[in-house]
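These notes concern the structure reproduced below.
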Amino acid sequence: MGTLSAAVCERRPLVVLLGPTASGKSRVAVQVAKRFGTEVLTADSRQAYRGMDLGTDKPTMEERRGVPHRLIDLADPDQTFNTGWYRQAALAEIARLYAERQLPFVVGGTGLYIRTLVRGLCPAPQSDPLVRAELMRFAREQGRDRLYAQLVEIDPDSAARLHPNDEAKVLRALEVHRLAGQPLSAIHRLHAFQDAPFSTLLIGLSRLKEPLYRRIEERIDWQLAHGMVEETRSLLDRGYGRHLGALKGLGYRQVAAYLAGECDYEEMVRRFKRDTRHFAKRQMTWFRKEPGIQWISVDEGESPEGTVDRVVRLIERFLDSLEGMMSSDLGQQTTLGEESA
RNA sequence: GCCGAGGUAGCUCAGUUGGCAGAGCACAGCCCUGAAAAGGCUGGUGUCGACAGUUCGAUUCUGUCCCUCGGCA
């Protein structure tokens, strides 16, 4: 049975808990979800893959403590999970929760997924394997510069924005042009992340760099001690090759290189930790630019319960503000999150 | 103690036939609209071990000393 009033539910509230890897989101999230009698909607591009559990730091059944976790285990490692797929699945879960009068509570660190959930995804056509394969072959045979030259020709605005070496994005822009018959930059211009389908509260969990990096290393040591190498080996044995996007994720990539004899164990650990630190840094760069995040900085001494309380208070205040809104405010994005930004 | 090799960026090292020192990694900053844990861009002043000599000029050549690592004692 849900906890949202009809009035609040109509305003389509959406609460997001985000932060860099190893900031402690998952643990806090379970407690927060419990307090509001709701579920956890994961926003994590890697936890979407089945059979990739340890390496993606999926909470165990025990850790979930009876709180349903959604949007994980949606795809097999040889499928290409992506932003569009995620968004569609997430919107379906959110609609279901509203029907049950429950608060949608999104938790994760994949910045793009969160952004497209909160501000929409431009209506460009989804990726087409055939077109993509053809473009990749062109790039391989003719070189990146020739690929980029094509983009300069058909979509100079996108080309100006992208570096010739950024093959993945150059490829995508060419793909869209071919499928949609118009440049990606034109589609972006119309969209510009202007959708606001929800009244959103964004809560960010931050930690100082040093303690965060230490937590990252500790988690990796734990993962390796609890079967990370075996999990990777088992994926490879089942025929999921290293070229797959899923196997290019943190940890799996480094362990696979080690299993292939490309480096020794110690070097693998070093790279795993280093690349994860770099990733956390990139996440923070992304989140810093994201408007409206209300940051909670967690210091080392704080208990998880303390953090939970702070998050709960923010959410209660947010829900109260929605309760008090006139119906004419419907559809407007709340600015609660920007007050202390 | 003797012989050999070496002391240059946080680390590993390159280099300057004498002219304001440069790579990789680490680290830092940034970009991102269906691959996003992916992909991409940018950032190098450090008593060139110390002191003295030669020189217009020494991190580079010479001498002495200090330190590190091998080998022999």
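Note on naming: letters A, B, ... go to the chains in the order of the sequence lines (proteins, then strands), and numbering restarts at 1 for each one.
Closest contact between the side chain of A:Arg46 and the listed nucleotides B:rA26, B:rA36, B:rG40 involves B:rA36. Here the nucleotide nearest the side chain of A:Ser127, chosen from B:rA35, B:rC32, B:rC25, is B:rA35. Relative to the side chain of A:Asp44, the nucleotides B:rA38, B:rA26, B:rA37 differ in distance, and B:rA37 lies closest. When each of B:rA36, B:rA37, B:rG40 is scored by its nearest atom to the side-chain atoms of A:Arg144, the top-ranked nucleotide is B:rG40.
With A:Gln47 contributing its side chain and A:Asp44 its backbone, the two residues share no donor-acceptor pair below 3.5 Å.
A:Glu267 and A:Tyr258 form no side-chain donor-acceptor contact under 3.5 Å, judged by distance and modelled atom types alone.
Note: OH (A:Tyr113) to P (B:rC32) measures 18 Å, nearest angstrom. Rounded to an integer number of Å, the gap from NZ of A:Lys289 to C1' of B:rC30 is 10 Å. Computed from coordinates, the A:Trp286 CH2 to B:rA36 P distance equals 12 Å when rounded to whole Å. Note: NZ (A:Lys169) to P (B:rA38) measures 11 Å, nearest angstrom. Between the CG atom of A:Leu121 and the C1' atom of B:rA35 there is a distance of 14 Å, given to the nearest Å.
At a threshold of 4.0 angstrom between heavy atoms, the contacts of A:Thr56 include nucleobase atoms, whether or not backbone atoms are also involved. Backbone-only engagement by A:His278 is indicated by non-hydrogen atom pairs under 4.0 Å involving sugar-phosphate atoms exclusively. Contact annotation for A:Tyr252: no contact, since no heavy-atom pair falls under 4.0 Å across all strands. Residue contacts for A:Tyr213: at a heavy-atom cut-off of 4.0 Å it reaches the sugar-phosphate backbone alone, with no base atom in range. Residue A:Arg87 is out of contact with every strand shown, counting any heavy-atom pair closer than 4.0 Å.
Under the 4.5 Å side-chain criterion, counting only non-hydrogen atoms from C-beta, A:Arg119 is not in contact with A:Asp195. Annotation: side chain of A:Val15 is not in contact with side chain of A:Pro104 (no heavy-atom distance under 4.5 Å).
Summary of the strand contacts: A:His163 and A:Gln47 both lie near RNA chain B, and taking for each the nucleotide with the nearest heavy atom, the more 5' one is attributed to A:Gln47. Between A:Arg219 and A:Leu184, the one whose closest nucleotide on RNA chain B sits nearer the 5' end is A:Leu184.
For the pair A:Thr285 and B:rC30, the criterion of a side-chain N or O lying under 4.0 Å from OP1 or OP2 is met. Checking the phosphate oxygens (OP1, OP2) of B:rA37, a side-chain nitrogen or oxygen of A:Thr110 falls inside 4.0 Å.
Taking the six-membered ring for Trp and the full ring otherwise, the centers of A:Phe36 and A:Phe105 sit at least 6.0 Å from each other.
Glycosidic conformation of B:rG53 is anti; the angle lies outside 90° of 0.
For the P atom pair drawn from B:rU60 and B:rC48, the interatomic distance equals 10 Å after rounding to whole Å.
Stacking between A:His188 and the base of B:rU33 is present: ring centres sit under 5.5 Å apart and the planes differ by under 30 degrees.
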